[in-house]
Novice: 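My structure is below; once you've seen it, I'll send some questions.
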Amino acid sequence: MAPITITEWILVAILSILVMKPGIILIQGQQQVPCLFLFGDSQFDNGNNNPLITTAKVNYPPYGIDYPDGPTGRFTNGKNIADFLAQFLGFANPIPPFTTARGSDVLKGVNYASGGAGILDESGILLGGRIPLNRQLINHKTTIGRIRLLLLNNRTITAESYLNKCLYVVNMGSNDYLNNYFLQPISPSRILFTPDRFAANLIQRFTQQLRTLYNSGARKVAVFGLGLLGCTPQELSMFPANASGCVDFINEAAQLYNNRLKPVIDDFNTNSAGAQFIYVNITSISLGDPASIGTALILY
């Protein structure tokens, strides 16, 4: 059996909210959920930035050289995490970007992600156009309106109950550090706030946004933590590396955010009716400890 990749471990963690028995995932060929909604940045973006005036745009070679349709706006040579997730969930096609999603396509879900976007509206501003999480949530309200119209005459299911059955994946926060707090020369955010205070403010805003998503009908929600941001080429080009090979103070700042995010997820599960939220521990997975997500994998 081939080694399981980091991407597959991420998918395992997300899929764990779809089964009743904790820790067991059954990956089958059939579609596991009626629809999939994706919120995020360049790790998920599959074309939403194409019409924007921005440097965070990748609808040209060599991007997409290994993707069947060529350059599409994905920040990679081939499929991205959102594509693999849809594939693992049994969807026949990738989830369409909000920019091009039309008609009954929205019943399968929508990808709202935007390269350079963050939890804060100002994050990534130097890149040009991008769609921050607040705007992505507004776009989702537009989609909900379309779904209500499509299901208006359906006597077996309401739009609300349909949306409750969908899977929502939120992968935001990296740009609030990479393209805001740790920008060089020193950013206004870093002058005004200590790393702990910035993390607290960021989590406060993010909690409100997750609440908005919950109030719009989301019940099964996978929320990504931050990865090892201090190990990214961008940060290594701006700050000296430590003995770890990464910029330790950046990873430590990201962990302050992660430590505050975990209790937020627990609180949703405890105090919000029907909530099935999970925290995807990207840092532990990146460090080669996928067992930390507490999941066993059954492939058949």
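For clarity, every value in this text was computed on a predicted model and none was experimentally measured. Because only heavy atoms are used, hydrogens play no part in the values below, and waters and symmetry mates are left out as well, while side chains stay in. One-based numbering along the sequence shown.
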Novice: Can you see which heavy atom on Ala254 is nearest to which on Leu229, and at what distance?
Specialist: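 For Ala254 versus Leu229, the nearest heavy atoms are CB-CD1, 4.2 Å.
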Novice: According to the interplanar angle, ranging from 0 to 90°, do the rings of Phe268 and Phe277 count as parallel (below 30°), tilted (30 to 60°) or perpendicular (above 60°)?
Specialist: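 Phe268 and Phe277: parallel rings.
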Novice: Looking at Arg260 and Asp196, is any side-chain nitrogen of the basic one under 4.0 Å from a carboxylate oxygen of the acidic one?
Specialist: yes
Novice: Can you see which heavy atom on Ala253 is nearest to which on Pro195, and at what distance?
Specialist: CB-CB, 4.2 Å
Novice: Can you tell me if Arg74 and Thr76 form a side-chain donor-acceptor pair at under 3.5 Å?
Specialist: no
Novice: Should Gln136 and Phe98 count as side-chain neighbours, where that means a heavy-atom distance under 4.5 Å?
Specialist: no
Novice: Look at the side-chain heavy atoms of Ile, Leu, Val, Met, Phe, Trp and Tyr, link any pair under 4.5 Å apart, and say whether Phe224 and Ile131 land in one connected group.
Specialist: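 No, it is not one cluster - the side chains of Phe224 and Ile131 are not joined through contacts under 4.5 Å.
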Novice: Judged by modelled atom types alone, do Asn201 and Arg197 share a side-chain donor-acceptor pair under 3.5 Å?
Specialist: yes
Novice: side-chain contact (heavy atoms from CB on, under 4.5 Å) for Arg130 and Ile125? Distances and angles first, verdict last.
Specialist: CA-CA 8 Å; Arg130 69 255 176 265; Ile125 192 169; 3.5 Å; yes
Novice: Ring centroids only, cut at 6.0 angstrom: are Phe198 and Tyr177 within range, meaning strictly under it?
Specialist: yes
Novice: Taking the side chain as C-beta and beyond, is there a heavy-atom pair between Gln209 and Phe39 under 4.5 Å?
Specialist: no
Novice: Can you give me the closest heavy-atom contact between Ala117 and Pro132, atom names plus distance?
Specialist: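 The answer is CB-CA, 3.9 Å.
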Novice: State, with a plain yes or no, whether a side-chain heavy atom of Phe44 is found less than 4.5 Å away from one of Leu85.
Specialist: no
Novice: Would you kindly say whether Asn180 and Ser189 are connected by a side-chain donor-acceptor distance under 3.5 Å?
Specialist: yes
Novice: Counting heavy atoms not belonging to Leu192, are there more than 12 under 6.0 Å from its CG?
Specialist: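 Buried by this count: over 12 neighbours within 6.0 Å.
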Novice: Got a donor-acceptor contact below 3.5 angstrom from the Asn50 side chain to the Thr72 backbone?
Specialist: yes
Novice: Looking at every heavy atom in both Ile119 and Gly173, which two are closest together, and how far apart are they?
Specialist: CD1-CA, 3.9 Å
Novice: Closest approach of Ser216 and Leu163, non-hydrogen atoms and distance?
Specialist: O-CD1, 3.9 Å
Novice: Membership question, hydrophobic clusters at under 4.5 Å side-chain separation (ILVMFWY): are Val264 and Met172 in the same one?
Specialist: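 Met172 clusters together with Val264.
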Novice: Hey, what do you get for CD1 (Ile138) to OH (Tyr112), rounding to the nearest 0.5 Å?
Specialist: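 The distance works out to 12.0 Å.
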Novice: Are a donor atom and an acceptor atom from the side chains of Asn259 and Gln255 found within less than 3.5 Å of each other?
Specialist: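 On atom types as modelled, these side chains qualify, holding a pair under 3.5 Å.
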Novice: Would you say Ser123 and Asn179 are linked by a side-chain donor-acceptor pair, where the criterion is simply a distance under 3.5 Å?
Specialist: no
Novice: Please name the pair of heavy atoms, one in Tyr168 and one in Arg219, separated by the smallest distance, quoted to 0.1 Å.
Specialist: CE1-N, 4.2 Å
Novice: If I take atom CG from residue Asp41 and atom CG from residue Asn175, how far apart are they, to the nearest 0.5 angstrom?
Specialist: 5.0 Å
Novice: Is Leu226 close to Ser174 at the side-chain level, that is, under 4.5 Å between some pair of heavy atoms?
Specialist: yes
Novice: May I ask you to check whether Ser272 and Arg211 show a side-chain donor-acceptor distance below 3.5 Å?
Specialist: yes
Novice: Please test Asp45 against Ser114 for side-chain hydrogen bond (donor to acceptor under 3.5 Å, both in side chains), starting from the C-alpha separation and ending with a verdict.
Specialist: CA-CA 5 Å; Asp45 190 353; Ser114 170; 4.7 Å; no
